[in-house]
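The figures that follow rest on heavy atoms only: side chains count, while hydrogens, waters and symmetry mates do not.
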Amino acid sequence: MGGLFSAFGSLWTWMSDAFDPLCGPVGLFTLFGQNTVIACGDTGWGDEIAGGLKITITVAVLTLPLGLIVGFLVALAQQSEEKSLRLAAGVFTTIFRGLPELLTLFIIYYGIQILLQTALAYVGYTGQVEINAFVAGMVALSIVFSAYCSEVLLSAFRAIPKGQYEAGDALGFHRARTMRLIILPQLIRISLPNLGNLWMNLLKDTSYVSVIGLADIIRQTGLAVRATKEPFFFYLVACGLYLVLAIISSAGLLYLDRWAKRAEFRR
């Protein structure tokens, strides 16, 4: 089994390098950055920036589903008949929409370490505890994303007529089946534009993980700036990468919006 995982890991590494848009065989830096400060290899900072791009995309892509799931559950709690659930959901969204994202990141990163250190001290462990910066960044961004996502989904839930739920009851559907077949398709269509805006914000918010040592675009370009003393050029490169991500995301969101409204286009 270990050999199988190793083979998959090697295959992933090869594919990642082969299709790298910056330092792959036909990458941008490979083709146009030779003999410059963004050359790939030991002579430039191309490899480091390409690695930062991968980290930024990975953090955003892994944060999105976690944030959507938590946001959906919080939105359901906000509509619950149970007062304690509504109160807990309201407190959650108020706190994490009110705190700056950077402060939330610090609280998660350092707070979890303190909690783990304290808990392990009770069982006699006195060593230093450090949590993974990638995990801490993903958790913090997921929490912030879910707080905003829950408000978007709550508004979408309220825009769906109550008669849709009654239609499910009339058809003899269980509540879960009504949600899956009747409510969720409408929820996606209504909330997709605002969720798209949250995704664009999430892409930019990934830059915060650089402050806890994660080697994303901002951190790698910052290191390049300090080494080469060319801040304008490297920060311009960072701007270009974020803009490309935004353009690709906009195209993807436009496709999703058309897909979600495909029934309307057929009329």
**Q** CD of Glu101 to CG of Asp205: how many Å apart, nearest 0.5 Å?
**A** 4.5 Å
**Q** Ion pair present between Asp257 and Arg189, side-chain N to carboxylate O less than 4.0 angstrom?
**A** no
**Q** Say you draw a straight line from CG of Leu184 to CE of Met179; how long is it, rounded to the nearest 0.5 Å?
**A** 6.0 Å
**Q** Between Ser249 and Trp199, is there a side-chain donor-acceptor contact under 3.5 Å, judged purely by atom types and distance?
**A** yes
**Q** Give the C-alpha distance, both sets of side-chain angles, the deciding distance and a yes or no for side-chain contact (heavy atoms from CB on, under 4.5 Å) between Ile218 and Thr206.
**A** CA-CA 9 Å; Ile218 295 298; Thr206 56; over 6 Å; no
**Q** Do Ile55 and Leu223 sit in the same hydrophobic cluster, where Ile, Leu, Val, Met, Phe, Trp and Tyr count as joined when their side-chain heavy atoms come under 4.5 Å apart?
**A** yes
**Q** Say whether, by atom type as modelled, one donor and one acceptor occur between the side chain of Asp47 and the main chain of Gly41 under 3.5 angstrom.
**A** yes
**Q** Might you point out which heavy atoms bring Gly137 and Ile212 nearest each other, and give the distance in Å?
**A** N-CD1, 4.1 Å
**Q** Has Tyr148 got a side-chain atom pairing as donor or acceptor with Arg97's backbone, closer than 3.5 angstrom?
**A** yes
**Q** Would Val70 and Ile107 show up in the same hydrophobic cluster when neighbours are defined by side-chain heavy atoms closer than 4.5 Å?
**A** yes
**Q** Does any non-hydrogen side-chain atom of Val225 lie less than 4.5 Å from one of Phe233?
**A** no
**Q** Roughly how far apart are Trp259 CH2 and Leu254 CG, rounded to 0.5 Å?
**A** 14.5 Å
**Q** Rounded to the nearest 0.5 Å, what separation is found between the CZ atom of Arg158 and the CD1 atom of Ile190?
**A** 13.5 Å
**Q** Quick check: closest heavy atoms across Ala147 and Thr93, and the distance to 0.1 Å?
**A** O-CG2, 3.9 Å
**Q** Counting N and O atoms only, with roles assigned by atom type, does the side chain of Ser80 sit under 3.5 Å from a partner on the main chain of Leu76, one being a donor and the other an acceptor?
**A** no
**Q** Pairs in or reaching into residues 28-136: which pass disulfide (SG to SG under 2.5 Å), with residues at least two apart or in two chains?
**A** Cys23-Cys40
**Q** Hey, mind stepping through Val211 and Tyr109 against side-chain contact (heavy atoms from CB on, under 4.5 Å) and telling me if it holds?
**A** CA-CA 11 Å; Val211 301; Tyr109 183 61; over 6 Å; no
**Q** Could you go through the side-chain contact (heavy atoms from CB on, under 4.5 Å) check for Thr221 and Ile217 one step at a time?
**A** CA-CA 6 Å; Thr221 52; Ile217 293 173; 4.3 Å; yes
**Q** Indicate if Phe96 and Leu103 have the same hydrophobic cluster label, given that clusters are the connected sets of ILVMFWY residues with side-chain heavy-atom separations under 4.5 angstrom.
**A** yes
**Q** For the OG1 atom of Thr228 and the CD1 atom of Ile38, what is their distance to the nearest 0.5 Å?
**A** 11.0 Å
**Q** I'd like to know if the side chain of Ser155 and the backbone of Glu151 have a donor-acceptor N/O pair within less than 3.5 Å.
**A** yes
**Q** Between the side chain of Arg86 and the main-chain N/O of Glu81, is any donor-acceptor distance below 3.5 Å?
**A** yes
**Q** What about Ile160 and Leu154, same hydrophobic cluster or not, with Ile/Leu/Val/Met/Phe/Trp/Tyr joined at side-chain heavy-atom distances under 4.5 Å?
**A** no
**Q** Is there a path of hydrophobic side-chain contacts, each under 4.5 Å between heavy atoms of I/L/V/M/F/W/Y residues, joining Ile248 to Leu62?
**A** no
**Q** If you look at every heavy atom in Ile108 and Ala140, which pair is closest and at what distance?
**A** CG1-CB, 3.9 Å
**Q** Flag the pair Phe145 / Asn201 as yes when at least one side-chain heavy-atom distance between them is below 4.5 Å, and no otherwise.
**A** no
**Q** Looking only at heavy atoms, what is the nearest atom pair of Leu105 and Tyr208, with distance?
**A** CD2-O, 3.2 Å
**Q** Are Arg258 and Tyr255 in a cation-pi setup, meaning NZ or CZ lies under 6.0 angstrom from the ring centre and within 45 degrees of the ring axis?
**A** no
**Q** What pair of heavy atoms forms the shortest contact from Gln220 to Gly52, and how long is it?
**A** CG-CA, 4.0 Å
**Q** Evaluate side-chain contact (heavy atoms from CB on, under 4.5 Å) for Leu214 paired with Arg219, printing each intermediate quantity in order.
**A** CA-CA 7 Å; Leu214 207 56; Arg219 182 170 180 81; 5.9 Å; no
**Q** What is the minimum heavy-atom distance between Ala75 and Leu153, and which atoms define it?
**A** CB-CB, 3.9 Å
**Q** To the closest 0.5 Å, what do you measure between CD1 (Ile143) and OG1 (Thr63)?
**A** 10.5 Å
**Q** What residues join Leu115 in its hydrophobic cluster, counting side-chain heavy atom gaps under 4.5 Å, either direct or through other members?
**A** none
**Q** Judged by atom type as modelled, is there a donor-acceptor pair below 3.5 Å linking the side chain of Thr30 to the main-chain atoms of Gly24?
**A** yes
